[in-house]
Number of protein chains: 2
Amino acid sequence: MATTYAIGKLAKLTDTKVPTIRYYEQVGLLPAPERNAGNQRRYREVHLQKLRFIRHSRQLGFGLEEIASLLALQESQADSGEVQRIARNHLDEVRDKVARLNKLEQALSQLVSCCGSGQPHDCQILSVLADHNLCQHEHEGR
Amino acid sequence: MATTYAIGKLAKLTDTKVPTIRYYEQVGLLPAPERNAGNQRRYREVHLQKLRFIRHSRQLGFGLEEIASLLALQESQADSGEVQRIARNHLDEVRDKVARLNKLEQALSQLVSCCGSGQPHDCQILSVLADHNLCQHEHEGR
DNA sequence: CTTGAAGCTCTAGCGACTAGAGCTTTTACA
DNA sequence: TGTAAAAGCTCTAGTCGCTAGAGCTTCAAG
């Protein structure tokens, strides 16, 4: 019979915490494995591979729903167009976020630089926070 | 008697949703205002100013706990050194995040660019996601 | 055969809101 | 003054992706 892995083993192999693996099962991302006589999960190769896929996708910032779609597309051998669409869409979001964070970084460094490090004479940070007009930057939501 | 604002008015003046204002009160960020005969909140200038401070700080990415500290420091007239420490610390975190997102953007654009836009012949995205070794990038947690 | 590690389920918490149900009060207009 | 819509109220639950803990059972090694 084929090799099986206990949940702790799978956790080590994929650098995932045990409760996280159970969580993925709970939300339907990782299929429920068989259980042994004592009700413990016994995983197979297929689970290991799916879990690696999930973890790599997470490291790349994909959300669990996106990952679910990607896994389904992998299964279905269907059009790679949809895969590309998801990936590009995610990339766009990341680029947006980078742009927003860069603006934020600008605004913050100006805020912080307004008073030299040692001087105790009153610093402007609180005033700028209190009054947006003292701040040269537009900010966005999200 | 001094002007007061209903919650909806305050919301408009500060571009904040009404439930968000109530939430700030609930977590102790914004002091509970007096109530009128019909139990409705009636805010004063001081609330308006605190709320503006909170919102501007949020736009700059400060967390509610940091904002609570900043408000307390504003109140106490205490050392601006602590204010600077909080702001610099936040700036450091933002810079970290920018760096991480930039790496992510790198990895993702490579992932996406592996197959030209129109061609249907099988694209590599799924394979890379399934096997981190096919990916040139290290990824971090967080 | 014992003991300690690993497994199990279930519930709650994080941060910063947001949405909705089901009510009461205020406001504007006829 | 009557009425209806808008705005207010409280309370609960949901978002996302986990993480922590309680209190139990099962497994593996010596």
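Just so it is clear: chains get the letters A, B, ... in the order the sequence lines come, proteins before strands, and each one is counted from 1. Here the structure is a predicted model, which means the values were calculated and not measured.
For the pair B:Gly8 and B:Gln26, both in contact range of DNA chain D, the more 5′-proximal nearest nucleotide belongs to B:Gly8. Comparing A:Gln40 and A:Tyr23 by the nucleotide of DNA chain D that holds the closest heavy atom to each, the one mapping nearer the 5' end is A:Tyr23. Positionally, the nearest nucleotide of DNA chain C for B:Lys17 lies more toward the 5' end than for the other of B:Asn39 and B:Lys17.
Rounded to a whole Å, the NZ atom of B:Lys9 is 15 Å from the C1' atom of C:dT27. If you take CD of B:Gln59 and P of C:dA16, they are 15 Å apart, rounded to a whole angstrom. The separation between B:Glu66 atom CD and C:dA16 atom P is 8 Å, rounded to whole Å. At whole-Å resolution of the value, CZ in A:Arg22 and P in C:dG7 are 8 Å apart. B:Leu64 has its CG atom 9 Å from the C1' atom of C:dC17, to the nearest Å. With rounding to whole Å, A:Lys12 atom NZ is found 12 Å from C:dA5 atom P.
Under 4.0 angstrom from either OP1 or OP2 of C:dA16 there lies no side-chain N or O belonging to B:Tyr24.
With C:dC17, C:dT26, C:dG7 as the choices, the nucleotide that has an atom nearest any side-chain atom of B:Arg42 turns out to be C:dT26.
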Between side-chain atoms of residues 131-138 of chain A and protein atoms elsewhere (two or more places apart, or another chain), which donor-acceptor pairs fall under 3.5 Å?
unit_1   : atom_1 : unit_2   : atom_2 : d
A:Asp131 : OD1    : A:Asn133 : N      : 2.9
A:Asp131 : OD1    : A:Asn133 : ND2    : 3.3
A:His132 : NE2    : A:His137 : O      : 2.7
A:His132 : NE2    : A:His139 : NE2    : 3.4
A:His137 : NE2    : A:Gln110 : OE1    : 2.9

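Each of B:Thr16, B:Asp15, B:Thr20 was evaluated against B:Arg55; a single residue qualifies, B:Thr16, per the side-chain hydrogen bond (donor to acceptor under 3.5 Å, both in side chains) test. Of the candidates A:His47, A:Arg42, A:Arg44, A:Glu45, A:Tyr5 forms a side-chain hydrogen bond (donor to acceptor under 3.5 Å, both in side chains) with just one, namely A:Glu45.
Identified under the ring pair (Phe, Tyr, Trp, His ring centres under 6.0 Å) test for residues 82-110 of chain B, with sequence neighbours left out: B:Phe62-B:His90.
When hydrophobic clusters are built by joining Ile, Leu, Val, Met, Phe, Trp and Tyr residues whose side-chain heavy atoms come closer than 4.5 Å, directly or via intermediates, B:Val46 is not grouped with B:Leu71.
The structure places CD1 of B:Ile86 at 10.5 Å from CD of B:Glu65, a figure rounded to the nearest 0.5 Å.
A salt bridge links A:Arg41 to A:Glu25: at least one charged side-chain nitrogen sits closer than 4.0 Å to a carboxylate oxygen.
Bounding nucleotides for the chain B contact on DNA chain D, 5' to 3', at a heavy-atom distance below 4.0 Å, are D:dG8 to D:dT10.
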